[in-house]
Amino acid sequence: MSAKTKKAKPVRDLLFGNLWEYDPAPETAEPHISERYQLFIGGKFTAPRSKKFFPSFSPRDGSTLAEMAHANDADVDAAYQAAAAAFPAWSKLPGAERGKYLYRIARLLQDRAREFAVAETLDGGKPIKEARDFDVPMAAAHFFYHAGWADKLSYAAPGKTLAPLGVVGQIIPWNFPLLMLAWKLAPALACGNTVVLKPAETTSITCMKFATLLLEAGLPPGVVNFVTGAKETGAAVVQHPLAKKIAFTGSTAVGKWIQHTLAGTGKRLTLELGGKAANIIMEDAPLDQAVEGIINGIFFNQGHVCCAGSRLLVQESIADQVLAKIKIRMRSLRVGDPLDKNTDIGAINSSQQLDKITELVASGSAEGAQMHQLECALPSQGWYFRPTIFSGVTLSQRIAREEIFGPVLSILTFRTPEEAIEKANNTAYGLSAGIWSEKGSRILRMSTQLKAGVVWANTYNAFDPTSPFGGYKESGFGREGGKQGMLDYAELL
Ligand code: NAI
Ligand code: MG
């Protein structure tokens with residue numbers, strides 16, 4: 001056996017996939033990035049009828065990576081027509097057959113894991129270790145999970161028949177481009193729907209690469225269509241008469257506009273919007289573990305995370321100690337080139353997002369909070385922001401109320417568990433929360449009082465495809481992941 005020959009996989013792994021330890025063969029694979037990407041409609045790469053293209057930059061150094069097609073109304077219409085034409089055959093396939101396509105997609109993604117991870121990091125700015133160890137394996141895990149459901153839909157809602165909705169329109173953001181694509185596509189396809197999906201304008205490259213993977217998997221033409229573009233393209237996806245459901249992840253402002261626009265149309269809608277999660281540290285918490293959770297909760301993916309633990313609520317008796325520990329831990333964070341395997345905090349996704357973070361951080365100082373920023377060199381080109389924490393924050397300050405979506409933590413204190421709950425719930429959002437305590441009974445009691453879709457206890461940012469994710473209040477409605485998320489893509493008859 002030559003050194004290059006791939007080691008045979010145990011049969012168990014071939015059948016079920018060892019999701020976390022799978023070793024993709026071509027370690028040397030370069031992510032091929034084309035100069036120009038077309039649209040993906042009806043199983044073909046199609047020139048945009050708009051004849052327009054726009055650049056996708058690398059936040060790593062500000063360079064232009066590729067040109068993406070800018071889909072107009074006619075392009076979006078062509079995508080919906082293709083999805084509608086593919087629907088009858090796809091929805092009538094036995095679930096086991098649809099499942100085979102999903103398994104194949106998951107496997108192919110594992111095979112091309114490195115290529116996808118590097119492309120994701122180049123286009124979006126996240127640290128390569130996160131793209132490699134989180135985004136790509138998790139995206140594959142979502143396809144595996146839903147592949148397993150495809151032939152078992154009759155067990156998902158006993159006594160009911162699950163029927164697909166038809167063509168669904170999906171719009172995803174730029175913070176987890178490939179993973180959000182997986183969250184959206186896998187359940188829709190498992191249930192027998194066909195899809196028109198629009199990726200975010202700053203991060204469309206892995207989506208267009210995914211189109212090549214769908215072709216490799218032999219997915220029938222039109223089952224999945226990708227239209228790239230910005231706001232107007234998204235609006236056209238939302239407003240198309242053939243859409244039976246819209247699934248959106250992004251800002252609360254756009255989510256509200258979509259809800260308004262779809263009111264009275266009878267179309268289904270799920271919204272996964274922003275957050276301002278409270279990460280609550282009780283005085284009996286395992287402090288070193290909690291500090292790791294605080295750091296991960298706010299600095300993972302540069303804080304471009306809807307469920308980021310962006311408001312730290314610390315019990316007053318341990319506040320000074322926790323602040324000191326966070327400051328020490330921050331010193332070991334490496335900020336810089338996202339392609340460097342040692343980087344903890346990569347690039348900010350776009351210059352607009354960098355402006356937003358900068359403006360909100362300035363408001364924090366102006367409104368009287370104390371800023372502590374990591375002193376470190378930043379790359380001379382590209383978009384970067386130093387990890388920042390604010391102590392002495394009050395609930396009325398903008399940095400305690402608005403989603404910053406950057407590496408910025410606001411620290412507030414409380415005296416009693418009741419006060420912690422009151423402060424945690426004093427927000428327009430309700431996506432996630434964290435509690436750190438040694439007392440199980442306290443965790444159980446407090447978690448039922450938190451108005452948040454996900455509550456983590458003694459951990460943070462833990463994800464699994466089997467677990468539903470979604471919010472309350474201005475964080476949206478509907479769930480993604482788990483059986484609950486899948487049922488949002490089906491009619492129960
Ligand atoms: P955005 O909501 O404008 O973008 C998200 C997606 O929606 C993109 O694909 C975009 O092209 C699309 N879109 C924009 N306008 C649309 C419209 N009228 N109809 C349909 N689709 C439309 O978010 P943006 O401007 O990129 O980020 C602003 C802030 O939103 C961030 O700073 C962050 O606070 C929040 N955000 C939250 C996300 C989450 O995961 N919940 C993801 C992205 C942003
Ligand atoms: Mg980009």
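Numbering of ligands and ligand atoms starts at 1, following listing order. Note that the coordinates shown come from a computational prediction; the quantities given were computed from them, not determined experimentally.
- Here Arg479 does not pair with Asp488 in a salt bridge; the nearest charged N to carboxylate O distance is not below 4.0 Å.
- A salt bridge does not link Glu403 with Lys276: every distance from a Lys NZ or Arg NE/NH1/NH2 to an Asp or Glu carboxylate oxygen is 4.0 Å or more.
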Just distance, no hydrogens or angles: give the donor-acceptor pairs under 3.5 Å from side chains in residues 248-255, sequence neighbours left out.
residue, atom, partner, partner atom, Å
Thr249, OG1, Lys184, NZ, 2.6
Ser251, OG, Val254, N, 3.4
Thr252, OG1, Glu474, O, 3.1

Find all protein N or O atoms under 3.5 angstrom from an N or O atom of ligand 1 and list the pairs with distances, or write 'none'.
residue, atom, partner, partner atom, Å
ligand 1, 2 (O), Ser251, N, 2.8
ligand 1, 2 (O), Ser251, OG, 2.6
ligand 1, 9 (O), Ile172, O, 2.9
ligand 1, 9 (O), Lys198, NZ, 3.1
ligand 1, 11 (O), Lys198, NZ, 2.8
ligand 1, 11 (O), Glu201, OE1, 2.6
ligand 1, 19 (N), Ala235, N, 3.4
ligand 1, 26 (O), Trp174, NE1, 2.6
ligand 1, 32 (O), Gln353, OE1, 2.9
ligand 1, 32 (O), Gln353, NE2, 3.1
ligand 1, 32 (O), Lys356, NZ, 2.6
ligand 1, 34 (O), Lys356, NZ, 2.9
ligand 1, 34 (O), Glu403, OE1, 2.6
ligand 1, 40 (O), Asn175, ND2, 3.3
ligand 1, 41 (N), Gly250, O, 3.2
ligand 1, 41 (N), Leu273, O, 2.9

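- For Glu130 and Lys126, the salt-bridge test fails: no basic side-chain N is under 4.0 Å from an acidic carboxylate O.
- Backbone or side-chain N, O or S atoms of Ser58 do not reach the Mg ion (ligand 2) at under 2.8 Å.
- Rounded to 10°, the angle formed at the Mg ion (ligand 2) by O of Asp123 and O of Phe57 is 90°.
- Using a 4.0 Å cut-off between charged side-chain N and carboxylate O, Arg386 and Glu375 make no salt bridge.
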What donor-acceptor contacts under 3.5 angstrom involve side-chain atoms of residues 450-459, with partners at least two apart or in another chain?
residue, atom, partner, partner atom, Å
Trp456, NE1, Ala462, O, 2.9
Asn458, OD1, Ser437, N, 3.0
Asn458, ND2, Ser437, O, 2.9

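- Qualifying salt bridge (charged side-chain N to carboxylate O under 4.0 Å, His left out) partners for Glu201, counting only residues two or more places apart in sequence or in other chains: Lys198.
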